[in-house]
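Taking it in order: structure first as structure tokens, then the write-up.
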2 protein chains.
Amino acid sequence: MHETLEDYEEDAGRMLDELYAIGAQSDGGTYRSLYDPSWVGARELIKGWMVERGLQVRVDPVGNIIGRLQGTTDAPIVATGSHMDTVRNGGRLDGAYGVVGSILAVGSLRRKLGKPARTLEVIVLCEEEGSRFTNHYWGSRSIVGQTTQLEAEESLDKAGVSLAGAMQELGLDPRNISSATRNDIGYFVELHVEQGGILEDEGLDLALVTAITGITRWDVTVTGEANHAGTTPMNLRRDALAGVAQMIADVENAAINAGPPAVATVGRLSVTPDQINVVPGQVRFTVELRTPDRNQQLATQSVIEQSLAATAAKRDLEIELKLQHDHEPVLMHAEVMNAIKTTLDSGGVPYRLLSSGAGHDTQIFSQIAKVGMIFTSSKAGISHSPLEDTDPRALGEGVAVLAGTLLKLAYRS
Amino acid sequence: MHETLEDYEEDAGRMLDELYAIGAQSDGGTYRSLYDPSWVGARELIKGWMVERGLQVRVDPVGNIIGRLQGTTDAPIVATGSHMDTVRNGGRLDGAYGVVGSILAVGSLRRKLGKPARTLEVIVLCEEEGSRFTNHYWGSRSIVGQTTQLEAEESLDKAGVSLAGAMQELGLDPRNISSATRNDIGYFVELHVEQGGILEDEGLDLALVTAITGITRWDVTVTGEANHAGTTPMNLRRDALAGVAQMIADVENAAINAGPPAVATVGRLSVTPDQINVVPGQVRFTVELRTPDRNQQLATQSVIEQSLAATAAKRDLEIELKLQHDHEPVLMHAEVMNAIKTTLDSGGVPYRLLSSGAGHDTQIFSQIAKVGMIFTSSKAGISHSPLEDTDPRALGEGVAVLAGTLLKLAYRS
């Protein structure tokens with residue numbers, strides 16, 4: 001597909017700019033949240049792009065936009081796509097790049113090769129980030145049959161509007177949610193930016209994704225004794241924050257000792273009573289562990305739990321560790337990975353294998369389809385920020401690899 | 001004064017109970033904040049106690065209550081007292097014990113010995129804690145001439161009432177603040193609970209205070225880079241919280257290495273953006289160092305500042321250290337300390353020398369008078385809490401030592 005690399009680069013850049021302008025925020029970046037006016041504007045733009053490229057367009061019962069290129073057989077279809085929503089003050093590429101890339105790739109295949117053997121679909125997912133409601137993966141979960149009318153009625157945004165109510169305002173009927181379910185999808189391929197700094201660090205544009213990380217999260221409460229910070233000698237203190245400082249090091253060391261790509265993070269922390277002159281009596285914090293290796297995930301969970309308990313015991317602190325969730329890693333399917341690999345190898349662009357440290361709609365599709373992902377590098381590893389950026393050449397290369405992969409999966413039945 | 005030890009114990013207990021009942025809070029403890037109704041109630045109770053014991057009572061222009069026992073000479077007077085206000089949900093003893101103890105001691109001296117050579121005054125200070133306005137030591141600072149009408153007009157409580165306005169509601173004229181200034185006070189002796197656990201830890205009831213701690217406070221801001229907690233490998237992170245965890249250990253180690261009674265505390269801390277799945281980009285926290293040794297204070301300041309800077313450099317973090325204040329220790333006066341020591345030695349109750357880790361009105365009086373303090377033990381070292389408690393025998397012993405000290409200072413001119 002090399003003859004179109006510059007076209008991909010140019011078209012992708014222009015389309016990403018158009019999409020980024022919808023929902024632009026005065027304090028930087030964009031915000032397209034589920035079912036809001038900017039989201040509707042983006043939907044109309046995307047539908048237009050699909051129609052221009054000869055795809056049959058429809059919007060499913062929850063608002064996913066589907067552009068279809070009918071194939072010559074009834075074999076399970078090949079789908080590609082990403083999400084159209086963004087986080088608050090989001091960037092130009094997260095989700096949007098996979099949306100634009102999918103439309104360009106399928107459009108190009110249709111123009112050059114006509115009808116595929118397997119039907120090709122671009123699926124633009126209506127909600128992945130969960131930044132209005134907390135319903136992550138709402139679009140893809142609806143397609144795999146994991147959402148209900150009840151969920152839509154019980155989910156409220158900050159203004160008190162329910163997800164179901166927001167659907168109705170757009171003319172979508174929450175009673176039809178279950179009819180978004182699909183059983184005809186054989187493959188799902190997603191093109192996405194890395195959102196991390198590994199590719200840039202190694203001077204690479206592209207990665208073949210091997211797995212999506214497993215995630216373990218805990219809420220931790222450490223209780224000591226609040227005391228006067230002037231009159232309580234160091235050896236009579238039960239300082240919850242001093243203990244937690246050691247626990248933060250324990251968490252960091254657990255990930256470093258597990259080795260890349262395992263990561264662990266203490267992201268939230270609050271101190272009680274939070275006074276300059278009072279020894280902290282209680283600290284609450286979160287711990288998150290991510291690794292694509294389930295055995296390592298379980299082993300590192302134990303290391304973290306035991307080291308935190310040991311640090312608490314050493315300092316006479318009480319500790320409560322609440323496991324909030326323990327999501328297993330999702331492996332990419334060998335058949336899709338091979339189609340991507342063959343395309344990458346023939347393209348001559350150097351790449352590496354990489355696991356995804358972030359979650360993606362692809363992990364939801366893995367429940368019903370053979371899945372795969374292609375990553376392009378992120379400048380400075382920055383994502384979920386107006387500073388999100390990728391070299392235009394890499395953007396073009398990613399679209400070309402997606403097109404090559406879809407060709408292999410859909411045209412050679 | 002041994003013949004009255006049981007009387008002191010009994011009277012002090014009863015008076016403390018009466019005072020504690022004024023301003024009692026439904027959620028525990030008491031709250032007598034400056035110029036509020038409970039404060040007025042306490043004032044009337046205290047004035048009555050003074051009148052009963054034959055003291056001439058007046059209220060000075062800012063609301064300090066003064067009970068005077070006229071001496072036979074014009075020599076600079078001997079004053080004793082403590083503060084009548086409390087923190088929110090405060091305990092039964094902080095401030096109140098010194099108020100009650102002073103009235104009992106001076107009343108007892110008058111009854112047994114009549115007129116002193118030097119005039120004796122019980123000064124009940126109107127505001128030390130600063131828990132309604134932030135004007136710590138308002139009463140004692142007015143006596144040494146450190147307050148102004150402007151300060152009273154500019155200080156607002158949470159309801160927006162100015163300190164000056166609150167004075168006017170009680171019939172106190174803010175234009176007269178400067179006339180609270182005194183130049184006739186030769187000595188000030190304060191009886192107080194330790195508010196720490198050292199005496200109890202050593203099985204002692206009493207301490208002779210040698211100094212009031214120096215206090216150094218910093219606001220610290222550490223800036224790294226906020227990043228996706230899934231896609232940013234450990235070796236590419238600039239995690240502000242992981243760095244601050246090491247800094248908290250640095251602060252703790254600086255105090256431990258300086259040795260008792262030095263203490264250092266990280267009491268406040270906040271994380272940005274404080275998200276479970278984002279590597280912390282910025283952390284703000286406070287550091288407080290206390291030691292009664294000025295040389296150690298300066299040396300430990302350097303240790304803390306250098307170790308924090310080194311930790312920041314090691315982790316490629318930016319650090320901003322803002323020195324908020326650097327208060328030198330205040331030494332007790334040798335003449336007053338000797339009067340206390342002689343009384344203690346003759347009383348036969350074991351005691352130790354101790355520096356105060358908390359601030360007291362005595363440090364303000366040190367600017368115009370020779371000062372000293374006597375501590376009684378605090379159960380479990382607890383203060384600023386409804387759980388504040390001291391053995392009744394120790395309370396009586398403290399009053400007896402105060403009476404003996406005042407006898408030496410006021411009756412032997």
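Letters go in sequence order (proteins before strands), and every chain restarts at 1.
When each of A:Leu269, A:Val278, A:Val287 is scored by its heavy-atom pairs under 4.5 Å with chain B, the top score falls to A:Leu269. Ranking B:Ser270, B:Ala264, B:Ala249 against chain A, the residue ahead of the rest is B:Ala264, based on heavy-atom pairs under 4.5 Å. Considering only heavy-atom pairs separated by less than 4.5 Å from chain A, the leading option among B:His228, B:Glu225, B:Gln324, B:Gln246 is B:His228. Your options are A:Ile276, A:Val251, A:Leu354, A:Asn235, and the one with the most heavy-atom pairs under 4.5 Å with chain B is A:Ile276. Per-residue counts of heavy-atom pairs under 4.5 Å with chain A were compared for B:Thr232, B:Ile198, B:Val271, B:Leu241; the largest is that of B:Leu241. Looking only at heavy-atom pairs under 4.5 Å with chain A, the residue among B:Gly359, B:Gly381, B:Pro233, B:Ser356 that has the most is B:Pro233. Between chain A and the residues B:Gly196, B:Ala245, B:Ala242, the largest count of heavy-atom pairs under 4.5 Å involves B:Ala245. In terms of heavy-atom pairs under 4.5 Å with chain A, the best-connected choice from B:Asp201, B:Thr286, B:Val263 is B:Val263.
Contacts of B:Leu236 with chain A are made by side-chain atoms alone, with heavy-atom separations under 4.5 Å and no backbone atom involved. Using a 4.5 Å cut-off between heavy atoms, B:Gln275 contacts chain A through its backbone alone, with no side-chain atom that close. For B:Ala226, no part lies under 4.5 angstrom from a heavy atom of chain A. Looking at B:Val266, the atoms closer than 4.5 Å to chain A (heavy atoms on both sides) sit in the backbone and in the side chain alike. Heavy atoms of B:Asn277 lying under 4.5 Å from chain A belong to its backbone as well as its side chain. For a residue to count as touching a neighbouring chain, one of its non-hydrogen atoms must lie under 4.5 Å from one of that chain's; by this rule B:Pro261 does not touch chain A. Contact annotation for B:Arg268: both backbone and side-chain heavy atoms come within less than 4.5 Å of a heavy atom of chain A.
Residue B:Thr390 holds its OG1 atom at 11.5 Å from CZ of B:Phe375, rounded to the nearest 0.5 Å. Note that the CG atom of A:Asp274 and the OG1 atom of A:Thr272 stand 7.5 Å from one another [nearest 0.5 Å]. A distance of 4.5 Å separates CD1 in B:Ile304 from CG in B:Leu289, rounded to the nearest 0.5 Å.
Looking at heavy atoms from C-beta onward, B:Gln363 lies out of side-chain contact with B:Met373 at the 4.5 angstrom threshold.
The backbone N or O of A:Thr362 sits less than 3.5 Å from a side-chain atom of A:Glu190, completing a donor-acceptor pair. For A:His384 (side chain) and A:Gly90 (main-chain N/O), no donor-acceptor pair under 3.5 Å exists by modelled atom type. The closest donor-acceptor contact from the side chain of A:Ser355 to the backbone of A:Pro292 lies at 3.5 Å or more, if one exists at all. In this structure, the side chain of A:Thr311 engages the main chain of A:Ser307 through a donor-acceptor pair within 3.5 Å. Of the possible polar contacts, one joining the A:Glu388 side chain to the A:Arg92 backbone as a donor-acceptor pair under 3.5 Å is found. Panel note: side chain A:His325, backbone A:His327; no donor-acceptor pair is recorded below 3.5 Å.
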